[in-house]
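Read the structure below first, then the notes.
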Protein chains: 2
Amino acid sequence: MRTSIATVSLSGSLTEKLTAAARAGFDGVEIFENDLLASPLTPEEIRDRTADLGLTIDLYQPMRDVEALPEAEFARSLRRARHKFALIRRLGADTVLVCSSVSPLAVDDDALAAEQLHRLARLAEDFGVRVAYEALAWGRHVNTYDHAWTVVEAAGHPALGTCLDSFHILARGSDPKGIEDIPGDRIFFLQLADAPLMAMDVLQWSRHYRCFPGQGGFDLSGLLAHVLRAGYRGPLSLEVFNDVFRQAAAGPTAVDARRSLLVLQERTRPALPAGMALAAPPAPVVPTGVAFAELVTPDVVPVAGLLGALGFTRTARHRGKPVDLWQQGGARVLVNTGPAASRDGTALAAIGLESPDPAAAARRAEALLAPVLPRRRALDDAVAAPDGTEVFFCAPTGSPAPSGPPAASTGPELRRWTDDFEPVDTGAPAARPAGPGSVSRIDHLALTQPWHQFDEAALFHRGVLGLTGQESVDVADPYGLHRSRAVTNADGSVRIALGVGPAPTDDGARVQHIALATDDVAEAARRFRAAGGRLLPIPANYHDDLAARHDLDAEELAVLRDLGILYDRDAHGEFRHCYTETIGRVFFELVQRDSGYRGYGAQNAPVRLAAQHATGRPGR
Amino acid sequence: MRTSIATVSLSGSLTEKLTAAARAGFDGVEIFENDLLASPLTPEEIRDRTADLGLTIDLYQPMRDVEALPEAEFARSLRRARHKFALIRRLGADTVLVCSSVSPLAVDDDALAAEQLHRLARLAEDFGVRVAYEALAWGRHVNTYDHAWTVVEAAGHPALGTCLDSFHILARGSDPKGIEDIPGDRIFFLQLADAPLMAMDVLQWSRHYRCFPGQGGFDLSGLLAHVLRAGYRGPLSLEVFNDVFRQAAAGPTAVDARRSLLVLQERTRPALPAGMALAAPPAPVVPTGVAFAELVTPDVVPVAGLLGALGFTRTARHRGKPVDLWQQGGARVLVNTGPAASRDGTALAAIGLESPDPAAAARRAEALLAPVLPRRRALDDAVAAPDGTEVFFCAPTGSPAPSGPPAASTGPELRRWTDDFEPVDTGAPAARPAGPGSVSRIDHLALTQPWHQFDEAALFHRGVLGLTGQESVDVADPYGLHRSRAVTNADGSVRIALGVGPAPTDDGARVQHIALATDDVAEAARRFRAAGGRLLPIPANYHDDLAARHDLDAEELAVLRDLGILYDRDAHGEFRHCYTETIGRVFFELVQRDSGYRGYGAQNAPVRLAAQHATGRPGR
């Protein structure tokens with residue numbers, strides 16, 4: 001279906017907004033009145049600029065406090081409307097949004113509202129304009145979609161229809177099923193916005209916290225299905241008032257926005273008859289494991305030292321580039337000392353996800369607007385995540401290539417990314433034997449996101465990669481509140497913890513970490529320390545509190561205390577974890593996740609963050 | 001009374017928090033458990049550090065989910081309590097906060113709760129510890145202060161009392177009058193927090209939006225009066241969970257916090273019998289006018305050009321420093337080209353407020369923790385506002401010194417700040433004659449605040465300067481949402497609009513402006529332009545919209561359009577205003593405020609902000 005976005009959803013000048021919408025692939029825009037008023041462009045110039053960008057103007061909005069007024073007031077409404085209808089024609093648009101009155105003068109009289117809307121529609125018709133009447137959730141007398149439709153029906157004029165806005169409908173808890181009772185051709189417009197489920201004043205909620213579909217808690221695909229079953233075939237248009245988007249760069253926000261509409265259409269399709277023109281990106285290919293994490297570093301010595309102390313062995317080197325493969329059990333870390341490394345110090349630059357069909361996974365990502373990265377040889381399919389992390393889709397590392405490509409795949413025969421590496425024997429000590437305290441695999445990756453892109457990142461990892469989101473949690477850092485939200489596949493073999501700091505003050509200090517799974521974290525920590533590794537010191541007060549809260553035996557407590565191991569427990573199991581020092585922007589975690597524990601030790605994060613600050617290496 | 005602050009109200013490590021609290025003059029602290037857990041100091045070291053800083057530890061907090069539990073669970077509570085009571089003794093403290101249970105296991109049985117709290121108190125007594133039981137507003141069964149007191153009373157143990165928290169009481173709309181029915185010696189602790197009045201989930205409201213007394217919408221002095229009438233004589237302690245304070249520097253936040261308690265005590269005094277040991281800073285001395293605004297600039301030529309085009313004449317020069325006085329009617333602008341000027345480009349560095357008793361105004365400011373600035377000669381009394389703006393208290397400019405100093409004043413005989421200036425005749429054109437379009441005075445000053453200090457700034461201007469706060473308004477900038485809140489004296493002769501940008505990304509770009517009052521803004525703008533001044537261009541779309549919204553006559557509309565004059569109207573009067581270009585961080589506004597209009601044209605601010613962005617000189 002056609003996609004559209006209200007200019008109020010994006011930051012910047014009107015020109016910047018239009019450009020961002022066009023580049024993200026939208027078909028049209030809603031012009032928000034304030035954006036027009038603040039623009040130095042004439043309406044005709046806006047019309048031309050929009051057309052040059054390949055966009056249509058699908059709606060002009062809003063007109064407020066138009067109807068259900070005493071006659072003298074309504075005369076002023078008509079006077080205003082005459083100006084606005086003329087303006088709309090100059091813009092080359094043909095539909096205007098009228099919000100239900102919030103005026104203290106408005107009368108609770110549907111017949112009066114209908115009669116005045118009829119007169120408004122007659123005037124609109126003279127200008128070739130259509131009026132879409134919408135119930136604001138806080139409208140004075142009309143504040144539900146069915147009430148608005150009753151008034152529109154009573155007005156009985158072909159230039160008058162209704163506009164549905166998912167926020168206003170769902171925030172009030174209205175049952176959207178009744179939408180199917182409205183004739184589709186009388187639904188003149190559909191505005192879509194999601195929002196986190198919050199118990200708060202609906203006006204404040206609407207003005208500050210709306211977000212793109214899939215980023216909040218509303219059932220937007222359910223609502224969309226009702227609207228499409230009613231017969232609506234107009235654009236799907238996003239109208240999102242959000243304090244963060246207002247200050248984020250318009251370009252990425254527009255991409256995030258259009259991606260949300262593509263995923264929404266995909267999710268809505270199964271509920272509808274075949275043949276609807278809904279977007280159908282290639283199906284999700286859920287990753288089945290972490291192939292590797294890739295560090296870039298301008299100074300390989302401390303990184304090699306840290307990996308060595310953690311029990312990793314350098315096993316192979318890339319045939320064409322200065323990239324080493326370090327391995328331990330099923331955990332693989334690439335260390336890249338090439339040109340990309342010089343910019344930011346040591347950082348986690350890329351992750352490899354094992355996929356049953358890497359090419360299809362990449363096609364989906366591309367269809368969902370992820371920037372495709374230039375191909376390397378066997379590391380074929382890679383895209384950029386919103387935070388710039390490179391995401392590689394790889395054939396499963398340990399197994400041979402599948403005997404035949406999956407039906408959906410038309411790419412070349414699957415090769416393994418490891419084919420680009422050749423074994424090394426550099427005289428390093430032999431690999432540490434597997435056994436208690438050895439690392440078996442990467443448990444999770446923790447990626448701190450740019451402040452403006454936390455919601456986008458969550459939608460990317462869920463919508464594009466097919467991972468499942470867990471609950472968002474607040475974490476108190478000594479210098480501000482962080483949020484964290486994990487995404488995971490069904491068996492937990494891929495876990496990514498997305499984090500965000502308190503405010504956009506420290507983007508350059510975004511820290512990431514790699515958590516390594518072991519079946520015996522105490523032994524792993526001991527070996528690490530014996531090999532010269534430095535563990536993050538944890539205050540004794542923390543372990544005193546553990547003793548108060550849990551009946552751990554004294555011997556274990558002494559071990560946890562000695563090694564700075566943190567402890568958590570949920571309804572399903574136990575979690576023990578400790579941290580290395582930070583190099584550049586990266587540190588490692590050793591985790592022992594007992595059967596069923598689902599979290600990431602968020603309860604301990606404030607202590608960890610404070611300890612990292614105390615070492616002068618903040619861990620955010 | 002003694003003042004205290006919970007460590008959770010301040011950012012940083014525990015050491016940083018304690019230091020900030022001591023420097024701001026607090027007598028004690030509440031140690032928030034998480035701050036202790038995250039600290040590398042042992043409890044004994046914390047005890048010693050606190051004592052060295054002259055602070056007492058007035059409370060350890062919180063213990064959660066202690067009571068009204070099945071016996072096996074309660075046994076675990078006692079086990080935990082034994083550890084915590086020992087810890088509290090190591091800290092040298094003697095009171096612990098117990099919050100009413102939120103556990104899903106908690107039973108709705110007051111007798112059980114009382115019986116278990118009695119047992120807890122018996123154990124506490126063995127350690128010499130007192131238990132202060134508090135109703136959380138979201139407690140599972142006990143969630144009002146009177147219910148908590150009923151349980152405490154039923155428990156009947158001298159080591160058990162109640163803790164009152166203003167947020168939990170007022171957020172639920174409880175009537176605080178019943179506090180007077182609680183014996184004062186059974187109120188073991190009083191926590192104070194204000195909050196903006198919001199309709200939202202009370203837990204989220206409490207955890208993220210609390211603020212210091214006087215910064216929100218609760219009647220804290222009413223509540224405090226009830227608590228003191230009940231006989232409570234313990235510390236007044238601030239417990240504020242606030243996302244902004246969490247990331248602000250601890251030092252200024254602690255000063256802001258203690259200032260709020262001083263003002264709160266002052267406001268509560270009249271409701272109580274004489275002889276209560278409440279703080280009594282010198283009474284407010286409300287300013288009666290704006291003496292001057294002082295610009296510092298490293299490049300005087302464009303500033304002089306702008307002032308000249310606005311109709312100002314350079315009338316005098318400071319006897320000892322490179323500071324010129326520019327004057328027009330009752331508007332006075334100082335231009336300082338001295339050493340302070342070189343740092344930040346052209347900026348509004350100081351304001352002079354006319355005061356009926358400058359020395360007393362300064363004594364109040366000092367008593368309320370405003371940093372006193374080194375004295376100049378006749379510009380005697382000056383303090384720094386939270387944003388660093390220097391605030392001078394001056395004798396009224398136009399009148400002779402009062403015949404005798406007010407009773408409260410013991411300073412030297414009042415002199416006028418203008419005595420430091422001697423007239424100049426630099427061959428500049430003669431002063432523009434008064435008449436239509438001339439500037440009569442400074443209408444208002446607009447000062448953008450550092451992001452972390454908006455609430456502090458409002459409290460400073462109200463509490464310290466004695467101005468009255470108006471409503472806070474949101475203003476949409478193309479790149480984020482601003483907030484603005486004006487403070488004013490009764491007759492509007494002093495108006496200061498405090499603004500804040502969307503996020504702490506651009507502190508260096510904080511822009512300020514000086515609004516000049518005229519009785520004919522069109523004529524003033526014409527003269528300015530004729531003198532070579534550049535007006536901020538306003539889009540034609542804005543004036544098209546004015547035509548739609550208001551029945552301005554065509555001739556006036558043409559004038560507004562030609563000169564880029566903006567228009568607003570409220571229930572009381574009309575407002576016409578336009579803007580100059582920006583120099584450094586400063587621009588000027590010309591305003592024609594008709595009888596009774598109370599605002600600042602906030603409705604037009606988005607258009608102004610967008611126009612300033614379009615010129616490449618953002619006006620935030």
Side-chain angles (χ1 to χ4, degrees), chain A residues 8 11-14 16 33-43 76 79-84 87 198-202 204-205 207-208 243-244 246-247 451 474 476-481 501-505 537 539-542 544-545 547-549 551 606-611 613-614, chain B residues 8 11-14 16 33-43 76 79-84 87 198-202 204-205 207-208 243-244 246-247 451 474 476-481 501-505 537 539-542 544-545 547-549 551 606-611 613-614:
Chain A
V8 73
S11 73
S13 68
L14 183 56
E16 288 171 311
E33 179 158 283
N34 279 0
D35 287 320
L36 176 114
L37 300 194
S39 174
L41 302 180
T42 65
R76 271 189 277 277
R79 182 173 173 288
R80 230 163 60 226
R82 193 177 298 274
H83 277 91
K84 296 301 175 188
L87 167 66
M198 303 167 85
M200 74 182 298
D201 174 69
V202 69
Q204 295 303 319
W205 191 16
R207 295 252 167 105
H208 301 286
D243 291 355
V244 175
R246 277 184 191 278
Q247 64 182 112
W451 190 76
D474 284 345
D477 176 273
Y479 300 96
L481 208 62
T505 42
N541 297 329
Y542 170 82
D544 290 349
D545 180 61
R549 286 192 293 123
D551 43 2
V607 171
R608 187 257 297 170
L609 287 159
H613 279 291
Chain B
V8 72
S11 72
S13 67
L14 183 56
E16 290 171 310
E33 180 159 283
N34 279 359
D35 288 318
L36 176 114
L37 300 194
S39 174
L41 302 180
T42 65
R76 272 189 275 278
R79 184 174 171 285
R80 230 163 58 226
R82 194 177 297 273
H83 277 91
K84 296 301 174 187
L87 166 66
M198 302 168 85
M200 75 182 299
D201 173 69
V202 70
Q204 294 302 319
W205 192 16
R207 295 253 167 104
H208 301 285
D243 291 355
V244 175
R246 278 184 191 277
Q247 65 182 110
W451 190 76
D474 284 346
D477 176 273
Y479 301 94
L481 209 62
T505 42
N541 297 330
Y542 169 82
D544 290 348
D545 180 61
R549 286 192 293 123
D551 43 3
V607 170
R608 186 257 299 169
L609 288 159
H613 279 292

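Everything numeric here is computed off the predicted structure, so don't read it as measured data. So you know, we letter chains A, B, ... as the sequences are listed, proteins then strands, and number each from 1.
Heavy atoms of L41(A) lying under 4.5 Å from chain B belong exclusively to its backbone. Residue contact with chain B, scored on non-hydrogen atoms closer than 4.5 Å, is absent for D35(A).
Remark: A540(A) engages R561(A) in a side-chain contact (heavy atoms from CB on, under 4.5 Å) (not counting sequence neighbours). Under the rule for a side-chain contact (heavy atoms from CB on, under 4.5 Å), the partners of D545(B) that lie at least two apart in sequence or sit in another chain are E33(A), L37(A), K84(A), R549(B).
The choice from V8(B), L36(B), D544(B) that makes the most heavy-atom pairs within less than 4.5 Å of chain A is L36(B). Options P539(B), P606(B), A548(B), S11(B) differ in how many heavy-atom pairs under 4.5 Å they form with chain A, and the most are formed by A548(B). Interface summary for chain B: among A81(A), P43(A), S39(A), S13(A), the most heavy-atom pairs under 4.5 angstrom belong to S39(A). When R207(A), M198(A), M200(A), R76(A) are compared by the number of non-hydrogen pairs under 4.5 Å with chain B, M200(A) comes out ahead. The candidate from A476(A), A547(A), A610(A) with the greatest count of non-hydrogen atom pairs under 4.5 Å with chain B is A547(A).
Shortest non-hydrogen contact noted between A611(B) and P537(B) is CB-O, 3.5 Å. Closest approach of D551(A) to R79(B), counting heavy atoms only: CA-NH2, 3.7 Å.
The CG atom of D474(A) sits 7.5 Å away from atom CG of D243(B), with the distance rounded to the nearest 0.5 Å. L87(B) contributes atom CG, which lies 10.5 Å from atom OG1 of T42(B) (distance to the nearest 0.5 angstrom).
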